[in-house]
Amino acid sequence: MPIQVFNTLTGKKEEFVPLEAGKVKLYACGPTVYDSSHLGHARMAIVWDVIQRYLRFSGLQVTFVRNITDIDDKIINRSKELKIRPDQLARHYLYEFWADMYALNVAPPDIEPRATEYLQQMILMAEDLVKKGKAYEAEGDVYFDVSGCADYGKLGKKNIEDLKSGAREQVRSQNELKEVKRNPVDFALWKSAPETETGWQSPWGFGRPGWHLECSSMIKSVLGETIDIHGGGEDLVFPHHENEKAQSESLHDKPLAKYWLHNSFVNVSEEKMSKSLGNFRTIADLLRDYSADTVRLFILQTHYRNPIDFSPESMQAAKQALMRLVRAALFAETEENGSGFYPSKHYSFDVKAAEKYKGDKTLSEFHNEFVAAMDNDFNTAVAISHLFGLADKISASKNDAERKLWAKALKDYAGVLGFTLADTRKEVDKNSTEQVLSLLLQLRQDARANKDFKTSDLIRNELAKAGINVMDTAEGPTWEKA
RNA sequence: GGCGGCAUAGCCAAGUGGUAAGGCAAGGGUCUGCAAAACCUUCACCCCCAGUUCAAAUCUGGGUGCCGCCUCCA
C-alpha cells in the first residue's frame with residue numbers, strides 16, 4: 001500500500017509518489033523567533049517530526065528542511081520595545097526554540113536555513129522576477145504583480161476579484177496607504193526602510209525582504225526548484241504559501257511543490273491559541289507539568305488536520321494513557337529509548353531493523369496495521385491505538401521471551417512516532433525531595449527525643465551514604481548535599 | 001461579506017457506503033492489613049429533517065450550532 005497524503009492544493013487525498021524514486025525533499029515552515037514557543041508550535045514541530053520520521057521508516061531517503069525566520073517586522077518591533085538589537089532578540093528566541101525542540105525529542109532537521117543567511121539569494125530572485133516582468137519596482141519597493149499569475153488563489157481557494165473588492169477593510173486601508181501598488185493584492189518582495197533600521201543594500205536601495213520571499217529563495221537554494229512536500233500550519237496557506245508558490249512558479253515555470261500539507265491548530269476553550277490573543281502556555285511551562293511523551297501523545301491522538309482543544313483534563317488523560325505504554329515497554333528490560341530504528345544518528349533509520357520482528361505472527365500483524373494507519377495520511381491516532389493493542393498483549397502474555405520481544409517492538413514502533421517511552425515515574429522533583437527529607441529529619445528528631453539514638457544515628461548515617469549531610473544547629477536540624 | 005472545515009459515549013478522539021478503533025473517567029472483579037498502583041472486565045445505533053441505496057456515521061439537499069482563513073500568526 002502506497003502512502004496517501006492529503007494535498008491542500010487539490011483538496012484530496014493522493015498517492016504519494018516522490019519526484020525521484022526513493023527520495024523525498026521535504027520543507028516545512030518553521031517559527032519566527034520573536035517570542036517563546038507555545039503548544040501550537042510544539043504541534044507543528046511534532047507533526048512534521050513524525051512525518052519525516054515515518055517517511056524514513058518507510059525506506060525513503062528524506063532531506064528535511066525547516067527554516068528559521070530571524071528577521072521581520074515583529075522581531076524589529078519587539079527588539080525596539082526591549083531596546084536590544086533585532087539579531088540579539090532573534091538569537092535569544094532561537095536558542096529557546098532549540099531547547100524546546102530538544103526537550104520535546106523533536107529530531108533536528110537535516111538543514112535549518114535562516115532568512116538572514118539568504119539575503120543575496122532573495123535579492124537575486126526579486127531581480128529575476130522584475131526582469132521577467134512578473135514584478136515591478138515602485139519608490140524603492142518591489143511588488144509581485146498578481147495579475148500576471150493565472151493560478152493565483154488556487155492554493156488558498158481565493159478569488160482575486162473578491163480579494164480586490166470584497167469586504168477586506170485591510171485591502172482598502174492598504175490601498176490608501178500604498179498608492180504605489182498597482183493592485184491592492186500585489187505583495188511586497190522588497191520593502192524600503194530607513195538606513196537607521198535593520199536592513200540591507202539592494203538594487204532598489206536600502207530595505208528588507210518581504211516575508212514570503214525567504215521560503216521561496218531558501219527552497220530554491222537548498223532543495224531545488226521543485227520539491228516533494230511543502231508544509232506548515234494551516235494559517236500559512238494564505239497568503240504565505242500562496243505567495244511563495246506564485247513567486248517561485250512565475251520564475252521557474254514549474255511547480256514549487258508536488259504536495260502541500262498543512263497541520264491544524266491548538267485551541268484553548270475553542271479559541272485559537274496564539275501569541276496575539278495571549279492565551280498560550282509556553283512549551284517550557286508545559287514541560288514542567290508533563291513529560292515530552294505526554295505532550296506528544298496529547299498531540300498525536302488527534303489527526304494532524306483536525307483542531308485540538310487544549311485542556312488540563314485532556315493532558316491528564318494523555319498522561320494516564322502514556323503510563324500504560326511505558327509499563328508495557330518495561331518488559332523490554334533495556335535502557336535504550338524507543339529508537340531501535342535509529343541505529344546511531346537521527347538521520348538514517350535502519351529500515352531492516354523491522355525485519356527482525358517479521359517472523360513473529362503477532363508483530364507481523366501489528367506491523368501491517370501500524371503501517372496501514374500511517375500510510376493513510378499519517379493517521380497517528382489509529383497507529384497509537386495499535387500501540388495500545390500491543391501493550392495489552394504484552395501485559396497479558398505469560399511467555400517471558402515473547403513478552404520481551406513484543407516490548408522491544410513496542411518501543412521501536414513508538415520511536416517511529418518519536419516517543420521514548422522512558423520510565424519517568426521515579427523522577428522526583430525538588431519539592432518532593434525536600435518534603436521527604438523533612439519527614440526523615442522529623443522522624444530522627446522524634447527518635448532523639450525518645451533517646452533512641454540507634455535509630456537517629458541510623459537515619460543520619462544512611463542519609464550520609466545517600467549523599468545528604470545532616471547538621472544539627474541551634475535552630476534545629478538541617479541538611480545539604482554532601 | 002467571501003472561502004474552507006467540523007458536529008461520533010460523561011470527556012478526548014479514529015472511522016469517507018457494509019453494520020461504531022483507541023484513550024481518560026465511571027461500574028464490576030483479581031490482588032491487598034488499609035490505601036494506591038497494576039492487571040482483567042463492562043460501557044454508543046454517530047446534531048436535526050428529507051433524499052439516494054439492498055445497505056449511510058459515512059453520499060446528496062436543507063436546517064441548527066461551533067471553529068478557522070481572508071491582517072501578524074504554527
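Order of the sequence lines fixes the chain letters, A, B, ..., with proteins taken first and strands second; residue numbering starts at 1 for each chain. Any value given below was found using the heavy atoms of this structure, including those in side chains, with hydrogens, waters and symmetry copies removed. The model shown is predicted, which means the values in this text are computed figures rather than measured ones.
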Among B:C69, B:C67, B:C12, the nucleotide that comes nearest once only the side chain of A:Asp235 is considered: B:C69
A:Phe16: ring-ring contact (aromatic ring centres under 6.0 Å, His included) partners, not counting sequence neighbours: A:Tyr259
Partner set under ring-ring contact (aromatic ring centres under 6.0 Å, His included) for A:His240, not counting sequence neighbours: A:Trp211, A:His212
Nearest-nucleotide 5' precedence on RNA chain B, A:His303 against A:Lys74: A:His303
Residue whose closest nucleotide on RNA chain B lies nearer the 5' end, A:Ser311 versus A:Lys157: A:Lys157
Phosphate OP1/OP2 of B:G15 contacted by A:Asn379 side-chain N/O (<4.0 Å): yes
Let me check something: any side-chain donor-acceptor pairs from residues 430-437 of chain A under 3.5 Å, sequence neighbours excluded? List them with distances.
{"residue": "A:Ser432", "atom": "OG", "partner": "A:Asp429", "partner atom": "OD1", "Å": "2.9"}
{"residue": "A:Thr433", "atom": "OG1", "partner": "A:Asp429", "partner atom": "O", "Å": "2.9"}

Salt-bridge present (A:Lys134, A:Asp186; N to O < 4.0 Å): no
Identified pairing partner of B:A25, criterion: Watson-Crick or G-U wobble below 3.5 Å: none
Nucleotide paired to B:C54 in any strand shown, Watson-Crick or G-U, under 3.5 Å: B:G18
Check every strand shown and say whether [X] touches a base, only sugar-phosphate, or nothing at a heavy-atom separation below 4.0 Å.
X	answer
A:Arg327	sugar-phosphate
A:Lys158	base
A:Asn306	sugar-phosphate

Taking only nitrogen or oxygen atoms into account, show me every contact under 3.5 Å that the protein makes with nucleotides 19-30 of chain B, one pair per line with its distance.
{"residue": "B:A21", "atom": "N3", "partner": "A:Ser385", "partner atom": "OG", "Å": "3.4"}
{"residue": "B:G23", "atom": "OP1", "partner": "A:Arg324", "partner atom": "NH1", "Å": "2.9"}
{"residue": "B:G23", "atom": "OP1", "partner": "A:Arg324", "partner atom": "NH2", "Å": "3.2"}
{"residue": "B:C24", "atom": "OP2", "partner": "A:Arg324", "partner atom": "NH1", "Å": "3.4"}

Salt bridge (Lys or Arg N to Asp or Glu O under 4.0 Å) partners of residues 293-305 of chain A, not counting sequence neighbours, each pair once: A:Asp49-A:Arg296, A:Arg305-A:Asp377
Qualifying residues under side chain to side chain donor-acceptor pair (under 3.5 Å), relative to A:Glu365, sequence neighbours excluded: A:Lys361
